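Read the structure below first, then the notes.
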Amino acid sequence: MPDPDQLLTEDEEDLLDWATVAGLYAVDDIRILAAAIERGDADLQVDPSAWEKTLTAAER
């Protein structure tokens with residue numbers, strides 16, 4: 001296990017930044033999808049089974 005007092009390398013910082021941004025985008029996409037499914041939004045052409053698939057993917 002890495003020492004928590006040790007500073008991150010530049011590559012590790014970049015990877016952490018990327019993962020944080022990717023996580024934020026994923027959460028936002030899930031919220032948009034959830035809202036569209038709840039509304040039954042035909043404009044987005046969201047299949048009702050998309051919610052289950054999204055939750056399964058988010059759990060991984």
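None of the values given here were measured: they were computed from a predicted structure. All values below were derived from every heavy atom in this structure, side-chain atoms included, with hydrogens, water molecules and symmetry-related copies excluded.
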(message) Just verifying a value: how many Å separate I32 CD1 and D28 CG, rounded to the nearest 0.5 Å?
(response)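 Here the interatomic distance stands at 4.5 Å.
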(request) Could you work out the complete set of other residues in the hydrophobic cluster of Y25, with links drawn between I, L, V, M, F, W and Y side chains under 4.5 Å apart? (result)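 Other cluster members: V21.
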(message) Through direct or indirect side-chain contacts below 4.5 angstrom among Ile, Leu, Val, Met, Phe, Trp and Tyr, which residues connect to L8?
(response)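 Noted: L8 shares its cluster with L16.
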(request) Taking side chain to side chain donor-acceptor pair (under 3.5 Å) as the test, write out the residues that go with E12, two or more places apart. (result)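 For E12 the side chain to side chain donor-acceptor pair (under 3.5 Å) partners, ignoring immediate neighbours, are T9.
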